[in-house]
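It should be emphasised that the depicted structure is a prediction, and the values quoted were computed from it without experimental measurement. All ligand and atom numbering here is 1-based and tracks the order in the structure.
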Amino acid sequence: MSDAKLVRKPIPRPSPESVPFWEAAKEKRLLLPHCSHCRQFFFPPSQRCRHCLSQDVAWVESKGTGRIYSFVIYHRSYHPAFEGDIPYVVAIVELDEGVRLLSNILGTPPETVRCDQRVRVTFEQREGVSIPMFELAQ
Ligand SMILES: [Zn+2]
């Protein structure tokens with residue numbers, strides 16, 4: 001066994017504003033902050049709408065579908081816990097609700113990933129935390 005397998009992957013630490021996002025992820029639901037004033041989604045979570053600064057913000061469940069806006073294929077690990085995953089895809093996914101998330105594309109050879117491919121959310125379990133990731137939609 002290499003040393004890489006002994007190092008754990010980092011775990012997201014929710015900010016006070018993102019607790020509902022992570023709690024929903026445990027139930028395999030993707031929640032997004034939505035402004036009840038200007039009726040737009042935004043991300044990352046905040047107490048104020050990123051578009052109009054209203055504090056009239058609620059959590060709304062995303063359809064969990066979108067497209068690959070941009071991506072890179074990592075051929076080098078910048079954290080030893082990810083060495084076993086090389087090569088892997090880090091992507092900006094644009095959800096159908098219009099917000100963009102930085103995530104990984106799982107379940108497909110990295111060299112087949114293209115911009116504008118349709119994706120859907122999936123959840124990776126990591127030490128009790130459920131992390132939204134994406135896979136190609138059929
Ligand atoms: Zn707003």
- Enter the distance from Lys26:NZ to Phe21:CZ here, rounded to the nearest 0.5 Å. 13.0 Å
- Sole candidate of Phe71, Tyr88, Phe134 that passes side chain to side chain contact (heavy atoms under 4.5 Å, CB included) when paired with Ile105: Phe134
- Note on the structure: For the Zn ion (ligand 1) the protein N, O or S atom count under 2.8 Å stands at 4
- State whether a side-chain donor-acceptor pair under 3.5 Å links Glu17 with Ser46. no
- Quick one: does Arg48's side chain have a donor or acceptor within less than 3.5 Å of a partner on Leu53's backbone? yes
- Query: Among the clusters formed by ILVMFWY side chains lying less than 4.5 Å apart, do Val93 and Val60 turn up in the same one?
  - Reply: yes
- With Glu61 via side chain to side chain contact (heavy atoms under 4.5 Å, CB included) - residues at least two apart: Arg29, Leu31
